[in-house]
Amino acid sequence: MKNVLTIAGSDSCGGAGIQADLKTFSALGTYGMSAITAVTAQNTTGVFMVKELDVETVAAQINCIYDDIEVHAVKIGMVSSSEIIETIGRCLMEKGARNIVVDPVMVSKSKYKLLRPEACAALVKVLLPLADVVTPNIPEAEELIKGSIGTVEDMKQAAREIYDMGPKNVIIKGGHLAGDAVDVLYDGRRMVLFEGPRIATRNTHGTGCTFSSAIAAYLARGYAMKEAVGAAKEYITTAIAHSLALGRGAGPTHHFYSLYKKAGLIHE
Ligand SMILES: Nc1ncnc2c1ncn2[C@@H]1O[C@H](COP(=O)(O)OP(=O)(O)OP(=O)(O)O)[C@@H](O)[C@H]1O
Ligand SMILES: Cc1ncc(COP(=O)(O)O)c(N)n1
């Protein structure tokens with residue numbers, strides 16, 4: 001069994017954040033662990049409250065995991081503040097963390113700022129150079145490059161510019177563009193496109209969290225980067241195709257569709 005850690009915020013409605021990450025790790029046959037950076041009160045219609053944890057609590061969670069259990073991959077999601085970012089960076093460096101997936105969560109689908117605007121610089125300075133892969137969506141990539149992205153060619157150019165900020169690989173996710181759901185992977189030499197059909201649903205809460213966690217799980221299982229991203233893309237496409245119409249807003253993806261189907265728990 002491979003062990004995967006998520007360092008992220010808690011989403012009370014279970015569609016994004018720590019909850020989505022742990023479901024993904026389990027569905028992909030890995031053992032999931034968590035270090036919580038912030039507790040959010042949210043549902044499918046929006047984020048209503050955020051309480052950041054103090055840096056001692058964030059550091060203690062990360063350190064006691066690394067001191068006791070082998071961590072084969074780590075995914076970083078909502079990090080909230082510069083102080084939390086610096087703490088995470090210091091802990092991961094001290095512990096020699098490997099297979100680091102950074103999802104630079106900035107704003108929720110419901111438009112709530114999950115990263116303090118002044119903390120973006122710390123994210124770039126501290127976390128991008130540590131990342132084996134960074135996975136911005138279109139608005140996050142636009143914020144990082146301070147430019148606008150409207151086409152796959154723009155995505156490729158953004159990937160080059162973000163690569164120069166220090167990560168080993170960059171994936172620009174195309175969920176926010178129109179047409180097929182195209183993601184671009186750049187490793188400093190080659191651009192690889194991952195193309196999936198766009199599924200007509202509003203239930204896409206937590207798609208980015210799920211995708212980055214799936215990459216971390218596959219890296220932990222020993223997949224090379226390109227293969228891990230390809231497998232994660234298949235996972236997220238299936239999870240969106242069978243997403244759940246819960247609540248009055250954007251419902252969550254379905255992590256266990258394939259497993260439940262095989263076990264005869266789903267009757268369509
Ligand atoms: N409607 C859709 N149909 C198919 N694939 C989608 C759809 N929306 C997003 N995706 C895919 O889901 C993955 C996550 O991309 P997305 O751009 O939604 O991330 P995100 O905005 O960070 O998500 P979130 O902020 O909700 O966690 C990508 O592989 C993207 O191509
Ligand atoms: C704790 C936490 N982390 C990440 C997201 C982003 O997900 P989305 O963009 O689907 O709201 C979120 N809403 N909450």
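The structure presented is a predicted model; accordingly, all values stated were derived computationally and were not measured. Counting starts at 1 for both ligands and their atoms, in listed order.
- Remark: Thr24 OG1 to Ile236 CD1 distance equals 7.5 Å, nearest 0.5 Å.
- Ile162 has its side chain within reach of Ile172: a pair of non-hydrogen atoms, C-beta onward, lies under 4.5 Å apart.
- Closest heavy-atom approach to atom 27 (O) of ligand 1 among the candidates Ala232, Ala20, Gly208, Gly196: Gly208.
- At under 3.5 Å, not a single nitrogen or oxygen of Gly174, backbone or side chain, sits near a nitrogen or oxygen of ligand 1.
- No heavy atom of Ala16 sits closer than 4.0 Å to any atom of ligand 1.
- Heavy atoms from other residues, nucleotides or ligands lying under 6.0 Å from NZ of Lys95 number more than 12.
- Sorted by chain and number, the residues within 4.0 Å of ligand 2 by heavy atom are Gly9, Ser10, Ala16, Gly17, Gln42, Met78, Val105, Ser108, Lys109, Leu114, His205, Gly206, Cys209.
- For atom 26 (O) of ligand 1, the closest heavy atom belonging to the protein is Lys109 NZ, 2.2 Å.
- Transitive grouping of hydrophobic side chains (ILVMFWY, heavy atoms separated by less than 4.5 Å) keeps Val107 and Phe211 in distinct clusters.
- Between Val182 and ligand 1, no pair of N/O atoms sits closer than 3.5 Å.
- By the 30° and 60° cut-offs, the orientation of the rings of His255 relative to Tyr235 is tilted.
- Only side-chain heavy atoms of Asp183 come within less than 4.0 Å of ligand 1; its backbone N, CA, C and O stay farther off.
- The backbone of Pro197, and not its side chain, has at least one atom closer than 4.0 Å to an atom of ligand 1 (non-hydrogen atoms only; backbone = N, CA, C, O).
- Counting heavy atoms closer than 4.0 Å to ligand 1, residue Arg198 contributes atoms from both its backbone and its side chain.
- The shortest separation from a heavy atom of Thr237 to ligand 1 is not under 4.0 Å, leaving the residue out of contact.
- In this structure, the protein non-hydrogen atom closest to atom 6 (C) of ligand 1 is Ile240 CD1, 3.4 Å.
- For ligand 1, the atoms lying closer than 4.0 Å to a non-hydrogen atom of His176 are 17 (O), 21 (O).
- For the pair Thr201 and ligand 1, the shortest N or O to N or O distance does not fall below 3.5 Å.
- Under a 4.0 Å criterion applied to the non-hydrogen atoms of Thr204, ligand 1 contributes the atoms 26 (O).
- Lys233 NZ to Leu185 CG: the interatomic distance, rounded to the nearest 0.5 Å, is 12.0 Å.
- Residues Asp132 and Lys168 are paired through a salt bridge, judged by an N-O separation under 4.0 Å between the basic side chain and the carboxylate.
- In this structure, Tyr223 and Tyr218 have tilted ring planes: the angle between them lies in the 30° to 60° band.
- At a 4.0 Å heavy-atom cut-off, ligand 1 touches Thr207 through backbone and side chain alike.
- In the hydrophobic clustering of this structure, Ile62 groups with Ile84; members are Ile, Leu, Val, Met, Phe, Trp, Tyr whose side-chain heavy atoms approach within less than 4.5 Å, directly or through other members.
- Near Lys173, meaning under 4.0 Å from one of its heavy atoms, ligand 1 places the atoms 14 (C), 15 (O), 17 (O), 19 (O), 20 (P), 22 (O).
- Annotation for Ile18 and Ala35: closest pair CD1-O, 4.0 Å, computed over non-hydrogen atoms.
- Considering backbone and side-chain N/O of Glu140, none are found under 3.5 Å from N/O of ligand 1.
- When Ala214, Ser243, Ala200, Gly175 are ranked by how near their heavy atoms come to atom 9 (C) of ligand 1, first place goes to Gly175.
- With hydrogens left out, the protein atom closest to atom 20 (P) of ligand 1 is Asn137 ND2, 3.5 Å, a heavy atom.
- Residue contact check: Ala181 has heavy atoms under 4.0 Å from atoms 4 (C), 5 (N), 6 (C), 31 (O) of ligand 1.
- Between Thr45 and Gly249, the shortest heavy-atom contact is CG2-N, 3.9 Å.
- Remark: minimum distance from atom 13 (C) of ligand 1 to any protein heavy atom is reached at Ile236 CG1, 4.1 Å.
- The distance criterion of under 3.5 Å between nitrogen or oxygen atoms is not met by Asp103 with respect to ligand 1.
- The ligand atoms of ligand 1 that sit less than 4.0 angstrom from a heavy atom of Lys233 are 29 (O), 30 (C), 31 (O).
- Residues Glu70 and Arg98 are paired through a salt bridge, judged by an N-O separation under 4.0 Å between the basic side chain and the carboxylate.
- Polar contact with ligand 1: absent for His205 (N/O pair, distance under 3.5 Å).
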